[in-house]
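Just so it is clear: chains get the letters A, B, ... in the order the sequence lines come, proteins before strands, and each one is counted from 1.
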There are 2 protein chains.
Amino acid sequence: MDARNLVVTDDEAPGAAVRGANAGEMLRLVATGAAASRADLARLSGLSPSTVSQRVETLIGRGLLREVGAGRSRGGRRPRQLEVPVDTVVIGAVDLGARHARIGTLDLAGRVVESRSLEVRIEDGPESVLGTLLTEVTGLMRGASGPGAVLRGIGVGIPGPVQHSTGRIVSPSRMPGWNGFDVVGFLAGRTDVPVVVDNDANLMALGEHRWQHPELDHAVYVKAGTGIGAGVISGGRLHRGGQGSAGDISHCRVFTADPAPLCSCGNTGCLEAVASGAALVGALRERGLPVQSLPDVMRLIDDGDRHATALARTAGRSIGEILAVVVNFFNPQAVAIGGLLADCEPLLASVRSVLYERCLPLATQTLLIERLGTGADVGILGAGQLVIDRVADPL
Amino acid sequence: MDARNLVVTDDEAPGAAVRGANAGEMLRLVATGAAASRADLARLSGLSPSTVSQRVETLIGRGLLREVGAGRSRGGRRPRQLEVPVDTVVIGAVDLGARHARIGTLDLAGRVVESRSLEVRIEDGPESVLGTLLTEVTGLMRGASGPGAVLRGIGVGIPGPVQHSTGRIVSPSRMPGWNGFDVVGFLAGRTDVPVVVDNDANLMALGEHRWQHPELDHAVYVKAGTGIGAGVISGGRLHRGGQGSAGDISHCRVFTADPAPLCSCGNTGCLEAVASGAALVGALRERGLPVQSLPDVMRLIDDGDRHATALARTAGRSIGEILAVVVNFFNPQAVAIGGLLADCEPLLASVRSVLYERCLPLATQTLLIERLGTGADVGILGAGQLVIDRVADPL
DNA sequence: CGGACTTTCTCCAACAACCGAACTAAGTTT
DNA sequence: AAACTTAGTTCGGTTGTTGGAGAAAGTCCG
């Protein structure tokens, strides 16, 4: 009877040991102030001091990190402080939405330098929309950054299915004229820096995970806005699935009042047809209420309108229903809800309620259920992560 | 405009490059006859000849592989044939079920040497049941294997939630007296080889994935027997989730005829209360039909009983409903259904039908939906994989 | 003030896992 | 017999890592 056999070590989640050890994460640690020196990085990343030294060297060589004098002593030699060259490197990001786009510039830490929203008419087609946005982003960059700043990459989020490997859009539901469009190809022809494209919910997941839950292995991030989507983190990495459509829960069927609403996809009772912002707007208009868009609905709820609040509760229960299956199946450590609808407390409460009611206790006992911790910039933050990972890694 | 930027290489799935390159997989390649020599292994694993040579050397040194003369020439030097020492190394496996347990011995290739079923009374408690099964397995090993055979590890599957990291059982639903039991600790005290424990659906997934879909990155395997569970493969590896409860879809709510059946968990309308073997037995007995157990139900369906078949179809639709959410959310490349109920064609057809109806076309267009390709031994095959991965790796 | 710690960081040897090229070995084909 | 083929090893090199010695630059305490 050998004591060694008593210990069944858990198979380290793949990449878990490396987490915090890739270039993007090191930059973030430095930029957030979590690490100011090589020694700090060694402690936080789990790598040996020698390795950190080496890596820092190559990052400095690439202009992605720099030394800025000595810091305060902690009882020994003073650390040589590190800094991310915020003023010389810029990343562009676009988070395209249904009616609005969020554009921004980010520094190498993945932090937003400047961002703003602008209205877009998605039906103008990809060339027009993306062309304009690209111009806006480069304009933003030139305006905001120092004269020595260099654009190193652009990340784009699309509110529809994107094949991340090719950068193409695949049969989107509310983007006429965009089907099959090669976003990466189009943009790469208009700029000389790397371009990465992904689904908006994926970018949201990436942004929220890195900035709020970097330590979690498995998490689900739901974007409940005009449409409903989700981004999935598995093993610390974005899970895109076999066809890259993972997280697309918008057409899952939910329990509804009897004439199940018809969805744009042709099916009835889809989550999107019941719980999306578009569905709420539609339902309230049918009742003769004066709502034009989702913000109007939110205002009604804030004002305590019974019908609007009831609809929000129903929407929350429907989202919760689907998430209950997701939580049981996937057993994430966190479920976070973002998008405009996440600001609606009754909706969030309903989601929580259904999750606790319909999930295994084992799955919910340590489950975090929360509102997205990051604000309107979460999408471009995610885009920044994607770009930094491509630009900084491989070391 | 730089051509390099046009190429957006897909982030290699983690481990995909290594797949087929770990020790367990090399043994399997040799044992299945897919590879007979070092050169074959190099071709199939993607590793360089020198690396393969090296690895084979260490495997031979560990007694996990051996050389057996030269093979036929293919126009050049004759290969030095390799063989897995089937007669000197044995692995024990137990796949515990509700009323029956499947036990077996496997060779280093992960193939079953001998297996058989035996009845168990799970309510006798873990000490009694596991003690008996351990005795049976060691007996099987001594009987079947050559005199030089050495047991190198034991894998155990449990029909309930298992915390794989500790080897403990956590609040199982139909296993009175097993809650919190430390299976690994118990068995390690009675044998001197490594013991690994996991949920039965996870083992099924592991077995089916390795033997039927080793090339797939993402797949879902459903066990529809007396209970309903699922095993999840993500990134080529078993996904256990944050608490190790991933795949436990038995208490997801499904659409039901009006008085939603009460589940053992206290909720109503659970998948398990509608579509599990136990539920079918119960429903048919309520109608006064003479069924004692799931095989009786299967017989009724085979005989064309209307009620039984209708119930099976309903069960299939319910399973399909949940799987539709799973497929949309997870976007696997394959969904395979095993367990006794998978032999029921009407049920399988209903699952397929609902999946194609309720999933994104993008998610189903290349999705494989099939019956489990491996038979009753799939669980112990999975257990074998788990043990081999522990015994052979790290190289 | 000076010696004894501390902390920070670098240098170097070593290691693990891998690869490619050159080479040996042992065939077959023409 | 020469020319090719296939199989396998040896060896040096690459990459990414670690650990330890030790240099650099402090603080602290008697």
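- Side-chain contact annotation: A:S45 with A:E25, donor-acceptor N/O pair under 3.5 Å absent.
- In this view, B:D40 and B:R43, B:R74 satisfy the salt bridge (Lys or Arg N to Asp or Glu O under 4.0 Å) rule, not counting sequence neighbours.
- One interatomic measurement links the two molecules: CD of B:E67 to P of C:dA25, which rounds to 16 Å at whole-angstrom precision.
- When the salt bridge (Lys or Arg N to Asp or Glu O under 4.0 Å) test is applied to A:R38, the partners found at least two apart in sequence or on another chain are A:E57, A:E67.
- Put simply, CG on B:L41 is 14 Å from P on C:dC18, counting in whole angstrom units.
- Not counting sequence neighbours, B:R77 has no partner by the salt bridge (Lys or Arg N to Asp or Glu O under 4.0 Å) test.
- Between B:E57 atom CD and D:dC11 atom C1' there is a gap of 16 Å when expressed in whole angstrom units.
- Close to C:dC18, at under 4.0 Å from its OP1 or OP2, lies no side-chain N or O of B:S48.
- Between the P atom of C:dC18 and the CD atom of B:Q54 lies a distance of 8 Å, rounded to the nearest Å.
- The CG atom of B:L65 sits 15 Å away from the C1' atom of D:dG8 (whole-angstrom rounding).
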Please list each protein N or O that sits under 3.5 Å from an N or O in nucleotides 5-8 of chain C, with the distance.
residue	atom	partner	partner atom	Å
C:dT6	O2	A:G75	O	3.4
C:dT7	O2	A:R77	N	2.6
C:dT8	OP1	A:R74	NH2	3.4
C:dT8	OP2	A:R43	NH1	3.1
C:dT8	O2	A:R77	NH1	2.9

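- Residues B:L41 and B:L47 are not in side-chain contact: their nearest non-hydrogen atoms beyond the backbone lie 4.5 Å or more apart.
- In this structure, A:L59 atom CG and D:dG16 atom P are separated by 12 Å, rounded to whole Å.
- Not a single salt bridge (Lys or Arg N to Asp or Glu O under 4.0 Å) links A:R152 to another residue, sequence neighbours left out.
- B:V378 and B:E208 make their closest contact through CG2-N, 3.7 Å (heavy atoms, listed as atom of the first residue, atom of the second, distance).
- Rounded to whole Å, the distance from CG on A:L47 to C1' on C:dC9 is 15 Å.
- Within 4.0 Å of B:S73, counting heavy atoms only, lie sugar-phosphate atoms of the nucleic acid but no base atom.
- Cation-pi geometry between B:R28 and B:W211 is met: the NZ or CZ atom falls under 6.0 Å from the ring centre, inside 45° of the normal.
- Straight-line distance from the CG atom of B:L82 to the P atom of D:dA7: 12 Å, rounded to whole Å.
- Salt bridge present: B:D87 and B:R66 bring a charged side-chain N and a carboxylate O closer than 4.0 Å.
- If you check distances only, the side chain of A:S50 does reach the base of D:dG19 with a donor-acceptor pair under 3.5 Å.
- With pairs defined as Watson-Crick or G-U wobble and both atom distances under 3.5 Å, the stems of at least three pairs that touch DNA chain C come out as C:1-30 with D:1-30.
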